[in-house]
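A, B, ... follow the sequence lines: proteins, then strands. Residue 1 opens every chain.
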Number of protein chains: 2
Amino acid sequence: MAKTDTSSPEELMKLDNFLCFAIYSANHAFTRVYKPLLDELDLTYPQYLVMVVLWEKDDQTVGSLGERLFLESSTLTPMLKRLEAMGYISRVRDRADERQVRVCLTETGLTLKEKASAVPRGIIEATGMEPAEIGRLKQEVAALRTLLLR
Amino acid sequence: MAKTDTSSPEELMKLDNFLCFAIYSANHAFTRVYKPLLDELDLTYPQYLVMVVLWEKDDQTVGSLGERLFLESSTLTPMLKRLEAMGYISRVRDRADERQVRVCLTETGLTLKEKASAVPRGIIEATGMEPAEIGRLKQEVAALRTLLLR
DNA sequence: TTGATTTATATCGTGCTCGATTTAATAGCA
DNA sequence: TGCTATTAAATCGAGCACGATATAAATCAA
């Protein structure tokens, strides 16, 4: 197969040559694949990511969750309130530093992890890719993110 | 460097092993890099994508734009109304088939292409990656999207 | 031709996302 | 101590994204 020239101004302006669009549309595709799996847990995809972070390490501040997920407090605060209303987490002001809010799993939120344990395999199957290949691509995209955020 | 085992249930549930999260966060990173460049054009990133599609091929229906961008009419309709209000496009019901809306570039919208011509290079520079590598990664991510949407 | 079905777009409600700003608490310093 | 600066989270407004539904036009079938 011949290489496509992607250096001319005209070629540079084509949607199909945009790495950003590949990422953007793959992200939407992932969300759609997750939807039926997460409906079982009553979670949206971003809410699921928050739960994953808390399952890894409980009792975190809004700020540390935001650092981990690359999200602002203006995004997290309403999301966390919804998760709290659902009974999956608790939000409590830190005694020692009242500026911070400590986010913790509830019993229900902790238990949910078992129910969620089938999700990752479901996603891997949906890609139909080999775990090793998934891992490699993940590394490359994560590296790209790092470059973009410099 | 030793390979990381990513097959155990515990490892599968870690955020840093999620391809979807790499994609999700890289997408946000792209949006942030685009922001200052697109502010010059008074466009958001999704609006820019619509304009790119129209610059490639003018006079398209809402449906064809949606197919190209993987977006629903419920997303596009309000976006197109904003682009229309800005004077970049026009929306006219098709004479022959009144169900369809034909989206066309205005003079201003067409002219904007020149002003936008610097954007792709700016993004490529922001990644700091070689064009060939960008192209390869783009292909892989686009292939992933295709797999997910099967 | 009429009635049912399909198609194209729009509308509505919910939730995510950000930037700018606000509020409140802590830390630093004269 | 008391004033200022910084920090953490929350609030607000704008825009994106989807699923479910509505509306209206075109197509199909009897």
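When the side-chain nitrogen and oxygen atoms of K81(B) are compared with OP1 and OP2 of dT11(C), one or more of them lie within a distance under 4.0 Å. A sub-4.0 Å separation between OP1 or OP2 of dC18(D) and a side-chain N or O of T75(B) is present. Side-chain nitrogen and oxygen atoms of Y24(B) include at least one within less than 4.0 Å of the OP1 or OP2 phosphate oxygen of dT17(C).
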(request) Show your working on side-chain contact (heavy atoms from CB on, under 4.5 Å) between V33(A) and I123(A) and close with a plain yes or no. (result) CA-CA 7 Å; V33(A) 171; I123(A) 298 301; 3.9 Å; yes

(request) Kindly determine whether V50(B) and L43(B) satisfy side-chain contact (heavy atoms from CB on, under 4.5 Å), including the steps that lead there. (result) CA-CA 10 Å; V50(B) 169; L43(B) 291 174; over 6 Å; no

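A salt bridge links E140(A) with R136(A): the distance from a Lys NZ or Arg NE/NH1/NH2 to an Asp or Glu carboxylate oxygen falls below 4.0 Å.
Among the protein residues, S73(B) comes within range of the nucleic acid bases, having at least one heavy atom under 4.0 Å from a base atom. Contacts of T31(B) with the nucleic acid, taken as non-hydrogen atoms under 4.0 Å apart, are absent. Across all strands, R91(A) comes closer than 4.0 Å only to sugar-phosphate atoms, never to a base (heavy-atom distances). Contacts of L76(A) with the nucleic acid, taken as non-hydrogen atoms under 4.0 Å apart, are absent. Residue T44(A) is in sugar-phosphate contact alone, with no base atom involved, counting any heavy-atom pair closer than 4.0 Å across all strands shown.
Atoms CD (Q100(A)) and C1' (dT7(D)) sit 9 Å apart, rounded to a whole Å. For the pair E72(B) CD and dG13(C) C1', the computed distance is 16 Å after rounding to whole Å. Atom C1' of nucleotide dT17(C) and atom OH of Y34(B) are separated by 18 Å, given to the nearest angstrom.
Checking Q60(A), R68(A), E67(A) one by one against S64(A), the side chain to side chain donor-acceptor pair (under 3.5 Å) holds for a single residue, Q60(A).
For R32(B), the listed nucleotide lying nearest its side chain is dG19(C); candidates were dG19(C), dA9(D), dA17(D). Closest to the side chain of T61(A), from the set dA20(D), dG19(C), dA9(D), is dA9(D).
Between the side chain of R99(A) and the base of dT7(D) there is at least one donor-acceptor pair of N/O atoms closer than 3.5 Å.
Ring orientation note: the planes of Y45(B) and Y34(B) are tilted relative to one another, at an angle of 30° to 60°.
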